[in-house]
Every structure is written in C-alpha cells, then in structure tokens.
Novice: 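Structure incoming, see below.
What you see is a predicted model; the values in this text were computed from it and never measured. FYI, the numbering just counts along the sequence from 1.
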Amino acid sequence: MNKNKLTLKDVALQLGVSTATISNAFNRPDQLSAARREAILAECEKIGYTGPNKAAQILRKGRSNIVALILADSIAYTVSDPVASTFIKGVSRILQQQGKHLLLYAGDSESILDVVDFVDGFICYGAPRNPKLAEEVVRQTKPAITVDFNIDGLPSINIDNEKAAYEVASQAIANDDHVAILGLRLIDSPSTCRIYDSPLIEVESSISHRRLDGYIRAIEEKGLIIENDWIWHIPESDRSFAKQAAKEVLHSSPRPNTVLCMSDIIALELLQSALSLGIKVPEELKITGFDGIEEAERTRPNLTTVCQASDKKGEMAATALLESRDKDEILPFEIKRGETF
C-alpha cells in the first residue's frame, strides 16, 4: 500500500482498532491511557501515517490557528526591508505567545482565495500591489485589519502620517529654500521618475499621499511653491531605485537645498550620494527621512527622521486581530533630530 495515501480507515484496519481510537490518539489524548496512546502513535509512525487530514480538520472546525499577513509587495522584497521585517517580528511575537502561526502572503499574488479557507483572519500590511486582494479581503467574512493604509469598513492601525510629515518638514524648511520631495508609489510607473502631470494612484488610502500632503502643507506655510517636476516617484523603498532618484535630484539645476524623503532608505542613499559628490550636509543640502530604522542612527552625519515603533505596531496589529477589535488606532511618532539639517 502507498503510505502517502493512507486513510484513517486504512490505518485502523492495519492496527486492528477502530477509527475513533486512531482519531482520539491524535486529537483527543484524554480519551486514551498514556500507554495506549503512545503505542498507537508509535505504530502509526512505523507505517508512515502522520494523522488525520489537516485541511479537512480546518474546514470542519472552522479554525486553523493560522493568521495570514498580506504584504504590500513580494515576500522577497518585504523581508529585506528593515521597517517591514521589524513589523513582522512584532506580529510573530504575539502570535507565538498565543499559540498561533503566521502565513506571509505576497501582495502581488493573484487572489487570496487560495488560502481564505485555511486561515483564521487577515492582517493587510500596506496597500497590496494587486488591488484585487484588498477588495477580496473586504468581501470575505473572516476578521481582518489594515496597517499603514485604509479600507472602508475595516479597522486600521496607523500613525498620523500627514502630521508627522508636516512636523519634520516644518523644522527643516527655511523661507528661502528650494525644496524637492522623493516620494514612494505616487504614480503608476515601475521606474524612478518625476511625477510631472501623471495621475496619482491610491490617493485616498495610501500613506505616501498623507506624507505628501504633510510636506506640501509645510512648504506652503513657508510661503513656497513646489511644482510636480520637483516631486519624484520611487516605485519601491529600494536602494537601487533610491540611488537613481538621488542622482537625478543632485544633478538638477538649480539643485534643491532641502530634500524631504518618504523613507530612511531613500534618505540614506541621497545622503551617501551627496557626500560622494563633495556636497556638504547640512550646510549645502538638508535631508529628512521617515521611519527611524537603526541605520539612520549609525550613519554620519546621522539622519533626521520620523521614528515609528514598527515592532510595537506589529504587536498591536496581531493583538487587535485576535481580540476582534473594530476601532481604528493611531500610534505615536517621534521626530528624531539628527545632523542632516
């Protein structure tokens, strides 16, 4: 007999016991003596039977102890991002404490229908690259929560991105500055570019647009104007994309003397590019970041940035989902004044 196709009935026949006894050995150990259970499990191991079908159990019980974390981008990109990986650690910590498991689900996947029957709920971390996933999360019936973006009808966990961007920009900008913005996922383009007149995407739900709103409010309060050709779109918070944006902004004419960046990764690439060109920071170029990653503190000059506790955000997201909370949560942030302005 092919051991990979053993059924509960097959095993019961081979061991000369009832199917209920086999089931109890795996699922209800209190129904058997310890010696009896150990003997049955040992015999099952010998013939290669690992227990009743887990998928069938999940469908029957309606519970898997698995939470799906829908990412904004691919898994490979997300786990390499310091902000996202710190958030995932926070989520994992709470789930482990509660005896739960974590499933990472790529935001560029085709559909959540592959996993919806086998998880107990969803945490959506950032707007998925495939917007269909967000639509499916709303339509399905299991608990769900969003982080760093919003879906109508679902609870969310965020910082006040508009306020944070406004505060750091207000501190950096002087009344006679020439300002540029290095943004994230502002338009539908796979390449680093100025936004010019391209239509903006995800304007209502994206944290990038809340940060852009904050930057522009601070700029206008200083009596300045920023045109779209001084706002860059960067498709991912990735060093290669950021390096291209840094090259373009530093070789622009006239060169901006203040650059507001929507992530620390972008800001650090700009900083290193500027220093390699002999541009003095902050005397000739002021730079702000966003996120508060550890590298921002280690670099010299160290980066002025918006700090948000991504691990605590992950812990809160997992806790809120497990406790079926239905209210939005706004977490605190801190402006970490470094040496880049």
Novice: Which pair of non-hydrogen atoms, one from Pro128 and one from Phe149, has the smallest distance, and what is that distance?
Specialist: CD-CZ, 4.0 Å
Novice: First locate atom CD1 of Ile157, then atom CG of Asp328, and finally report the distance between them rounded to the nearest 0.5 Å.
Specialist: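 Separation between the atoms: 9.0 Å.
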Novice: Could you please spell out the steps behind the side chain to side chain contact (heavy atoms under 4.5 Å, CB included) verdict for Lys100 and Leu322?
Specialist: CA-CA 10 Å; Lys100 310 292 184 182; Leu322 295 178; 4.2 Å; yes
Novice: If I compare all heavy atoms of Ile265 with all of Ser237, which pair ends up nearest, and what's the gap?
Specialist: CB-OG, 3.5 Å
Novice: Would you say Tyr196 and Leu184 are hydrophobically clustered, going by side-chain heavy atoms of ILVMFWY under 4.5 Å?
Specialist: no
Novice: Side chain to side chain contact (heavy atoms under 4.5 Å, CB included) for Val17 and Ile22? Distances and angles first, verdict last.
Specialist: CA-CA 7 Å; Val17 299; Ile22 301 295; 3.5 Å; yes
Novice: How many angstroms lie between CG in Asp108 and CG in Leu133, if you round to the nearest 0.5 Å?
Specialist: 8.5 Å
Novice: Are Ser276 and Ser273 close enough that a side-chain donor and a side-chain acceptor fall under 3.5 Å?
Specialist: no
Novice: Can you confirm whether Val259 sits close enough to Val179 that some side-chain heavy atom of one is under 4.5 Å from a side-chain heavy atom of the other?
Specialist: no
Novice: If you take all heavy atoms of Cys124 and Val137, which pair is closest and at what distance?
Specialist: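 So the minimum-distance heavy-atom pair works out to SG-CG2, 3.8 Å.
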Novice: Before you tell me yes or no, could you show the steps for Phe122 and Ile112 under side chain to side chain contact (heavy atoms under 4.5 Å, CB included), namely the whole-Å CA-CA distance, both residues' side-chain angles and the distance that decides it to 0.1 Å?
Specialist: CA-CA 10 Å; Phe122 294 90; Ile112 66 167; 3.9 Å; yes
Novice: Within a strict 4.5 Å, meaning less than it, do heavy atoms of the Arg28 and Ser23 side chains meet?
Specialist: yes
Novice: I'd like to know if Lys313 pairs up with Asp148 as an ion pair, taking the criterion as any Lys NZ or Arg NE/NH1/NH2 lying under 4.0 Å from an Asp or Glu carboxylate oxygen.
Specialist: yes
Novice: Verify, without hydrogens or angle tests, whether Ser109 (side chain) and Ser111 (backbone) share a donor-acceptor contact under 3.5 angstrom.
Specialist: no
Novice: With the side chain counted from C-beta on, respond yes when Leu200 and Val203 share a heavy-atom pair under 4.5 Å apart, and no when they do not.
Specialist: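 Result yes, sub-4.5 Å side-chain heavy-atom pair found.
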Novice: Is it true that the side chains of Thr7 and Asp10 contain a donor and an acceptor less than 3.5 Å apart?
Specialist: yes
Novice: Would Phe26 and Ile47 show up in the same hydrophobic cluster when neighbours are defined by side-chain heavy atoms closer than 4.5 Å?
Specialist: yes
Novice: When you measure from the side chain of Thr192 to the backbone of Phe241, do you find a donor-acceptor pair of N or O atoms at a distance under 3.5 Å?
Specialist: yes
Novice: At what distance, to the nearest 0.5 angstrom, does CG of Leu321 lie from CG of Leu69?
Specialist: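 Output value for this atom pair is 10.0 Å.
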Novice: Should Arg217 and Glu162 count as an ion pair when the cut-off is N to O under 4.0 Å?
Specialist: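 Yes.
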Novice: Working to the nearest 0.5 angstrom, can you tell me the gap between Glu339 CD and Thr304 OG1?
Specialist: 8.0 Å
Novice: Identify the heavy atoms of Pro256 and Ala180 that sit nearest to each other, and give their distance.
Specialist: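 Here Pro256 and Ala180 meet closest at CG-CB, 3.6 Å.
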Novice: Is a side-chain donor or acceptor of Ser64 paired with a backbone partner of Ile66 at a separation under 3.5 angstrom?
Specialist: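 Confirmed, Ser64 side chain pairs with Ile66 backbone.
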Novice: Does atom CD of Gln31 have more than 12 heavy-atom neighbours from other groups under 6.0 Å away?
Specialist: yes
Novice: Provide the closest heavy-atom pair for Ile187 versus His233 in the form atom of the first, atom of the second, distance.
Specialist: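 Closest heavy-atom pair between Ile187 and His233: O-CE1, 3.1 Å.
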Novice: Determine whether Glu236 and Asp73 make a side-chain contact, defined as any pair of heavy atoms from C-beta on separated by less than 4.5 Å.
Specialist: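 Yes, close enough: below the 4.5 Å cut-off.
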Novice: Would you mind reporting whether Arg185 and Arg129 have side-chain heavy atoms less than 4.5 Å apart?
Specialist: yes
Novice: Is it the case that atom NZ in Lys222 sees more than 12 heavy atoms from other parts of the structure closer than 6.0 Å?
Specialist: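 Buried by this count: over 12 neighbours within 6.0 Å.
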Novice: Give, for atom CZ of Arg210 and atom OG of Ser205, the distance between the pair rounded to the nearest 0.5 Å.
Specialist: 8.0 Å
Novice: I'd like to know if Lys286 and Asp177 make a salt bridge, using a cut-off of under 4.0 Å between side-chain N and carboxylate O.
Specialist: yes
Novice: In terms of hydrophobic clustering (I, L, V, M, F, W, Y; side-chain heavy atoms under 4.5 Å; direct or indirect links), are Ile207 and Val83 co-clustered?
Specialist: no
Novice: Whether Lys336 and Glu297 form a salt bridge (side-chain N of Lys/Arg under 4.0 Å from carboxylate O of Asp/Glu) is what I want to check.
Specialist: yes
Novice: Going by heavy atoms in the side chains, are Arg37 and Ile40 under 4.5 Å from each other?
Specialist: no
Novice: For Ile88 and Tyr125: C-alpha separation, side-chain torsions, deciding distance, then whether side chain to side chain contact (heavy atoms under 4.5 Å, CB included) applies.
Specialist: CA-CA 9 Å; Ile88 293 171; Tyr125 180 51; 5.6 Å; no
Novice: Between the side chain of Asn130 and the main-chain N/O of Lys132, is any donor-acceptor distance below 3.5 Å?
Specialist: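 A pair under 3.5 Å: yes.
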Novice: Do the charged groups of Lys89 and Asp311 touch, with an N to O distance under 4.0 Å?
Specialist: no
Novice: Of all the heavy-atom pairs spanning Pro301 and Val281, show the shortest one and how long it is.
Specialist: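 Shortest heavy-atom separation between Pro301 and Val281 comes out as CG-O, 4.1 Å.
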Novice: State, without any angle test, whether Asp291 and Ser263 hold a side-chain donor-acceptor pair at a distance under 3.5 Å.
Specialist: no
Novice: Under the side chain to side chain donor-acceptor pair (under 3.5 Å) test, which residues partner Arg93, sequence neighbours left out?
Specialist: Glu315
Novice: Can you tell me if CG on Asp114 sees more than 12 non-hydrogen neighbours from other groups inside 6.0 Å?
Specialist: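 Correct, the count exceeds 12.
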Novice: Mind checking whether Ile201 and Leu186 sit in one hydrophobic cluster, side chains of I, L, V, M, F, W, Y counted as touching below 4.5 Å?
Specialist: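 No, it is not one cluster - the side chains of Ile201 and Leu186 are not joined through contacts under 4.5 Å.
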Novice: Could you tell me whether Glu43 and Lys46 make a salt bridge, using a distance below 4.0 angstrom between a side-chain N and a carboxylate O?
Specialist: yes
Novice: Are Glu248 and Gln244 close enough that a side-chain donor and a side-chain acceptor fall under 3.5 Å?
Specialist: yes
Novice: Are Tyr105 and Val116 co-members of a hydrophobic cluster defined by side-chain heavy atoms under 4.5 Å apart?
Specialist: yes
Novice: The test is salt bridge (charged side-chain N to carboxylate O under 4.0 Å, His left out); show your working for Glu136 and Lys142 and say whether it passes.
Specialist: CA-CA 11 Å; Glu136 290 179 341; Lys142 294 183 178 179; over 6 Å; no
Novice: Is the CG atom of Leu113 crowded by more than 12 outside heavy atoms at less than 6.0 Å?
Specialist: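 Enclosed: over 12 neighbouring heavy atoms sit under 6.0 Å from CG of Leu113.
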Novice: Is atom CZ of Arg36 surrounded by more than 12 heavy atoms (other residues, nucleotides or ligands) closer than 6.0 Å?
Specialist: no
Novice: Hey, are the side chains of Val67 and Ile123 touching, using non-hydrogen atoms and a 4.5 Å cut-off?
Specialist: yes
Novice: Which value, rounded to the nearest 0.5 Å, describes the distance between Ile293 atom CD1 and Leu303 atom CG?
Specialist: 8.5 Å
Novice: Any side-chain to backbone donor/acceptor pair from Ser85 onto Pro82? Under 3.5 Å, distance only.
Specialist: yes
Novice: Are there over 12 heavy-atom neighbours, none belonging to Glu283, within less than 6.0 Å of that residue's CD?
Specialist: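 Above 12, so yes.
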Novice: Between Arg211 and Asn161, is there a donor-acceptor pair closer than 3.5 Å when you use the side chain of the first and the backbone of the second?
Specialist: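 Checked: no pair found.
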Novice: Taking Asn257 for its side chain and His178 for its backbone only, find out whether a donor-acceptor pair lies under 3.5 Å.
Specialist: yes
Novice: Less than 6.0 Å separating the ring centroids of Phe290 and Tyr215?
Specialist: no
Novice: Has His101 got a side-chain atom pairing as donor or acceptor with Leu95's backbone, closer than 3.5 angstrom?
Specialist: no
Novice: Does atom CD of Glu45 have more than 12 heavy-atom neighbours, drawn from other residues, nucleotides or ligands, at distances under 6.0 Å?
Specialist: no
Novice: Is any side-chain heavy atom of Leu285 less than 4.5 Å from a side-chain heavy atom of Thr258?
Specialist: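 No. Closest side-chain heavy atoms not under 4.5 Å.
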